[in-house]
Amino acid sequence: MRILEFTSRSDKPSAQQLTALAQYLLGRSEDANNDYTVPIEVFLSMAHNMGVNITDEQLRTLVMQPPLSNIISNVSGDEIVLVGAGVTGEE
């Protein structure tokens, strides 16, 4: 194991990495004409795979602040609602 593997992980989630993940998911939703929602467990799992240690509570707090608030419009129940939810191609 390299030292970088220990130092790159911390208890403070990286807003930059979470923003990149949210932008990726937003792009995938647009490509697939999806409903722009992602289960929180899926988002957290993907973040953990990227090396971002984050809890459900931390995510709900960070979503209310920029830069994530520009990509994630809401967290409702067990889903993350991305910007563009409810928008159809006709609008």
Side-chain angles (χ1 to χ4, degrees):
M1 238 181 212
R2 292 182 270 181
I3 293 176
L4 180 62
E5 293 177 28
F6 289 105
T7 58
S8 65
R9 292 180 180 247
S10 69
D11 291 337
K12 184 178 178 186
S14 166
Q16 183 179 14
Q17 288 177 306
L18 293 173
T19 301
L21 175 57
Q23 286 176 330
Y24 168 77
L25 293 171
L26 180 61
R28 294 290 295 164
S29 292
E30 289 171 351
D31 291 344
N33 291 325
N34 198 340
D35 61 359
Y36 294 90
T37 61
V38 179
I40 290 176
E41 291 302 317
V42 170
F43 189 91
L44 293 175
S45 176
M46 292 177 81
H48 289 154
N49 289 339
M50 292 174 59
V52 178
N53 293 326
I54 187 168
T55 64
D56 185 297
E57 292 175 14
Q58 289 173 319
L59 177 62
R60 290 176 189 271
T61 301
L62 287 172
V63 163
M64 304 305 251
Q65 305 165 8
L68 283 176
S69 63
N70 298 329
I71 302 165
I72 299 174
S73 63
N74 192 13
V75 177
S76 63
D78 61 349
E79 289 187 326
I80 293 173
V81 181
L82 301 170
V83 170
V87 175
T88 65
E90 299 170 1
E91 295 177 354

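Residue numbers count from 1 along this sequence.
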For [X], all residues meeting side-chain contact (heavy atoms from CB on, under 4.5 Å), sequence neighbours excluded:
X	value
Ser14	Gln16, Gln17
Gln65	Thr61, Leu62
Met64	none
Ser45	Asn49

Using the side-chain contact (heavy atoms from CB on, under 4.5 Å) rule, take Val83 and Tyr36 through it: C-alpha gap first, then chi angles, then the decisive distance, then the call.
CA-CA 7 Å; Val83 170; Tyr36 294 90; over 6 Å; no

If you measure from CG on Leu68 to CG on Leu18, what distance do you get to the nearest 0.5 Å?
5.5 Å

Quick check for you: to the nearest 0.5 Å, what is the distance between Thr55 atom OG1 and Leu44 atom CG?
7.5 Å

For the residue pair [X] and [Y], what are the closest heavy atoms and their distance?
X	Y	answer
Ile40	Gly77	CD1-O, 3.7 Å
Ala22	Leu82	O-CD2, 4.3 Å
Pro66	Asn70	CB-ND2, 4.5 Å

Residue pairs involving [range] (criterion salt bridge (Lys or Arg N to Asp or Glu O under 4.0 Å); sequence neighbours excluded):
range	answer
residues 44-55	none
residues 37-50	none
residues 59-77	Asp56-Arg60

Would a 4.5 Å heavy-atom cut-off, applied to side chains only, mark Ile80 and Leu59 as touching?
yes

For Val52 and Leu21, run side-chain contact (heavy atoms from CB on, under 4.5 Å): C-alpha distance rounded to whole Å, both residues' side-chain angles, the deciding distance at 0.1 Å, then the answer.
CA-CA 11 Å; Val52 178; Leu21 175 57; over 6 Å; no

side-chain contact (heavy atoms from CB on, under 4.5 Å) between Met46 and Val38, worked out:
CA-CA 11 Å; Met46 292 177 81; Val38 179; 5.8 Å; no

